Amino acid sequence: MAAGDDPGRIAKYDVKYVGREQVDEVSTYVFDITPLKMEKGQRYFQGRVWVDDKDLQIVKTRGKATGLLKKKEDQAFPTFETFRENIEGHFWFPTYTRADDVLHFKTGPDVRIRVSVKYTNYKRFGSTIKIGKPTQVDPRSRKASQPREGPNAC
């Protein structure tokens, strides 16, 4: 879920409805998310998700990355909490992420981690495309030249 929020990934998770909660002024449905089966080389999300009850968009997540580790691999992931806000009326973007956790490693001392990320200044991206006359690029000089004409043009 956290990896791109791809709706097709939901089938890889056990999703349990927990109830309803207010997140700030937003009424939400609350779900606990756990991977059904972990596959080698894949990362998963394990935690809780709050979903806006009108737009059905994720408002908040709290959880951590998880996945299969190799036998001698020693990794630990903090629990993150991410808040999203409605931008321009229908886009829900992350605006704040935080973690304050102690990571427990098998091979070394525990490590406390604090992370705080604030996302700001979301702007709508737009572009204009203009298709002009085709040119051929000489791979040796990287300069654009006019396309060849005639019977031997490639």
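The model shown is predicted, which means the values in this text are computed figures rather than measured ones.
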State whether R112 and D100 are salt-bridged, where the test is any N-O pair (Lys NZ or Arg NE/NH1/NH2 against Asp/Glu carboxylate O) under 4.0 Å. yes
Any salt bridge between R20 and D53, counting N to O under 4.0 Å? yes
Honestly curious: do I113 and V117 fall in one hydrophobic cluster under the side-chain, below-4.5 Å linking rule? yes
Give a yes or no on whether I58 and V18 share a hydrophobic cluster (residues Ile, Leu, Val, Met, Phe, Trp, Tyr; joining criterion: side-chain heavy atoms under 4.5 Å apart).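 I58 does not cluster with V18.
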Once you round to the nearest 0.5 Å, how far does [atom1] of [X] lie from [atom2] of [Y]?
X: R48; Y: T34; atom1: CZ; atom2: OG1; result: 10.5 Å
X: L56; Y: T28; atom1: CG; atom2: OG1; result: 11.5 Å
X: E85; Y: Y119; atom1: CD; atom2: OH; result: 12.5 Å
X: S116; Y: R98; atom1: OG; atom2: CZ; result: 8.5 Å
X: T79; Y: K64; atom1: OG1; atom2: NZ; result: 4.0 Å

I'd like to check [X] versus [Y] (side-chain heavy atoms, cut-off strictly below 4.5 Å). Are they in contact?
X: F80; Y: T61; result: no
X: W50; Y: R62; result: yes
X: I10; Y: V15; result: yes
X: T97; Y: E81; result: no
X: K60; Y: F83; result: yes
X: F91; Y: N86; result: no
X: Q46; Y: Y13; result: no
X: V49; Y: V30; result: no

Worked verdict on T95 versus Y122 for side-chain hydrogen bond (donor to acceptor under 3.5 Å, both in side chains): CA-CA 9 Å; T95 54; Y122 282 108; over 6 Å; no
Give a yes or no answer on whether the side chain of Y44 reaches the backbone of E39 with a donor-acceptor pair at less than 3.5 Å.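 Answer holds: yes.
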Least distance between heavy atoms, [X] atom then [Y] atom:
X: A65; Y: F77; answer: O-CD1, 3.5 Å
X: P78; Y: D101; answer: CA-OD2, 3.4 Å
X: D110; Y: F105; answer: OD1-N, 4.1 Å
X: P94; Y: T82; answer: CB-CG2, 3.9 Å

So, W92 versus D52: side-chain donor-acceptor pair below 3.5 Å or not?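 No pair is found: no donor N or O on one side chain lies under 3.5 Å from an acceptor on the other.
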Does the side chain to side chain contact (heavy atoms under 4.5 Å, CB included) test come out yes or no for Y29 and Y17, once each step is laid out? CA-CA 8 Å; Y29 300 116; Y17 175 71; 3.9 Å; yes
With side chain to side chain contact (heavy atoms under 4.5 Å, CB included) as the criterion, how do I33 and F45 come out once you've worked through the C-alpha distance, each side chain's angles and the decisive distance to 0.1 Å? CA-CA 7 Å; I33 310 291; F45 174 80; 4.3 Å; yes
Taking atom CD of Q57 as the centre, report whether more than 12 heavy atoms of other residues, nucleotides or ligands fall under 6.0 Å from it.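 Atom CD in Q57 is crowded, with more than 12 foreign heavy atoms closer than 6.0 Å.
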Would one find more than 12 heavy atoms of other residues, nucleotides or ligands at under 6.0 Å from atom CG of D24?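 No.
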Trace of the side chain to side chain contact (heavy atoms under 4.5 Å, CB included) decision for K12 with L36: CA-CA 6 Å; K12 294 184 176 192; L36 286 170; 5.8 Å; no
